[in-house]
Amino acid sequence: MRYQEIAEELRSRVAAGEFASSRLLPSEADLGAAYAASRITVRRALELLREDGLVESRQGLGWLVAADPLRQSLGRLGTIEAQLADAGMGSQRQVLDFRFVRASPAVQAVLAAPRVLEVRRVNLADGEPFARVTVWCPEPLAKGLSLSDVERTSFYELLGIDLGGAMQTIAAAEASTSDAELLHIAPGSAVLVCHRTTRSAEGAAVLYSEHVFPAHRTEFVVELTHADRSIAPSGLRLVEG
């Protein structure tokens with residue numbers, strides 16, 4: 001089919017680095033003229049490339065070559081900003097909500113606190129949305145914090161307590177409509193959802209957070225230093241369907 005032929009040619013051009021300097025592809029109209037195809041046909045070709053994670057669309061910009069995924073280490077407790085800095089990328093945070101609320105049953109079960117500070121934000125990597133993050137902190141620990149504080153730096157620095165470590169789970173999911181809008185991806189796109197419980201040196205849960213990453217923009221890496229007879233990935237847990 002014509003759209004498949006166009007997709008294959010565009011795939012070759014992307015692989016050859018033709019659009020590497022700006023990542024911006026020609027407009028749908030320009031591609032239609034170049035390939036003597038309708039705009040609908042061109043869009044179907046581009047959608048094929050998006051399904052493969054090769055291109056992405058941005059409102060107001062058009063179609064771009066997808067950025068290489070950022071590798072995040074699971075071997076240490078750190079912030080998104082620190083991970084981006086290690087990768088040589090600029091980081092920014094946009095706080096969307098800052099409010100003290102009654103903890104949901106799920107959050108209260110983790111933090112054992114009836115009221116919490118809830119902060120929802122978007123993290124940017126070199127100006128591109130990289131993660132939607134929501135952090136909950138028990139009200140007694142967070143009552144002295146302000147919006148400007150959480151815009152400026154991480155909770156790890158703001159709490160001023162010794163941290164003992166964290167437990168993090170990562171699962172695949174489909175992007176909700178709201179997350180898709182924030183992350184500039186199509187609704188239903190694959191995302192990685194991370195839930196992290198951070199504990200103090202004394203073992204008390206002091207932060208609970210949810211991180212949603214577009215699946216094509218991030219990889220999680222862990223170094224396994226102990227050989228076992230099993231070849232299954234470390235930490236594997238089956239999820240009931």
| query | Counting heavy atoms not belonging to Ile40, are there more than 12 under 6.0 Å from its CD1? | reply |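 No.
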| query | For Glu5, does the CD atom sit with more than 12 other heavy atoms under 6.0 Å from it, leaving out its own atoms? | reply |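 Yes, because the 6.0 Å sphere around CD of Glu5 holds more than 12 heavy atoms from other groups.
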Might you point out which heavy atoms bring [X] and [Y] nearest each other, and give the distance in Å?
| X | Y | result |
| --- | --- | --- |
| Ala142 | Phe100 | O-CZ, 3.6 Å |
| Glu151 | Arg93 | O-CD, 3.1 Å |
| Arg196 | Ala166 | CG-CB, 3.9 Å |
| Ser57 | Arg50 | OG-NH1, 2.7 Å |
| His184 | Glu181 | CD2-O, 3.3 Å |
| Leu111 | Ala205 | CD2-O, 3.8 Å |

Interatomic spacing from [atom1] in [X] to [atom2] in [Y] - rounded to 0.5 Å:
| X | Y | atom1 | atom2 | answer |
| --- | --- | --- | --- | --- |
| Leu163 | Glu202 | CG | CD | 10.0 Å |
| Phe213 | Cys194 | CZ | SG | 5.0 Å |
| Leu141 | Leu207 | CG | CG | 8.0 Å |
| Leu49 | Arg11 | CG | CZ | 5.5 Å |
| Leu25 | Glu56 | CG | CD | 10.5 Å |
| Leu96 | Leu182 | CG | CG | 5.5 Å |

Under 3.5 Å, side chain of [X] to main-chain N/O of [Y], donor-acceptor pair present?
| X | Y | value |
| --- | --- | --- |
| Thr153 | Asp149 | no |
| Arg132 | Asn123 | no |
| Arg2 | Thr41 | no |
| Arg44 | Ala7 | no |

Is [Y] close to [X] at the side-chain level, that is, under 4.5 Å between some pair of heavy atoms?
| X | Y | value |
| --- | --- | --- |
| Val193 | His195 | yes |
| Leu31 | Leu46 | yes |
| Ile185 | Val191 | yes |

| query | What's the verdict on side-chain contact (heavy atoms from CB on, under 4.5 Å) for Glu174 and Ser189, showing C-alpha distance, side-chain angles and the deciding distance? | reply | CA-CA 5 Å; Glu174 294 183 353; Ser189 296; over 6 Å; no
| message | Working note: Val116 + Glu139, criterion side-chain contact (heavy atoms from CB on, under 4.5 Å); need CA distance, chi angles, decisive distance, verdict. | response | CA-CA 5 Å; Val116 293; Glu139 186 176 52; 6.0 Å; no
| field | Worked verdict on Arg121 versus Asp97 for salt bridge (charged side-chain N to carboxylate O under 4.0 Å, His left out) | value | CA-CA 7 Å; Arg121 71 175 191 261; Asp97 291 305; over 6 Å; no
| With distance as the sole criterion, is a donor-acceptor pair present between the side chains of His211 and Ser209 under 3.5 Å? | yes
| field | Verdict with reasoning, Arg120 to Val95, per side-chain contact (heavy atoms from CB on, under 4.5 Å) | value | CA-CA 6 Å; Arg120 193 167 67 100; Val95 176; over 6 Å; no
State plainly whether one hydrophobic cluster holds both [X] and [Y], where clusters connect Ile, Leu, Val, Met, Phe, Trp and Tyr through side-chain heavy atoms under 4.5 angstrom apart.
| X | Y | result |
| --- | --- | --- |
| Phe155 | Leu147 | yes |
| Val110 | Val135 | no |
| Trp136 | Leu159 | no |
| Phe130 | Leu183 | no |
| Ile161 | Leu117 | yes |

| task | Tell me, with the steps shown, if Tyr208 and Thr198 meet side-chain hydrogen bond (donor to acceptor under 3.5 Å, both in side chains). | result | CA-CA 6 Å; Tyr208 182 53; Thr198 303; over 6 Å; no
| field | Pair Leu145-Val119, side-chain contact (heavy atoms from CB on, under 4.5 Å): steps then yes or no | value | CA-CA 11 Å; Leu145 301 182; Val119 176; over 6 Å; no
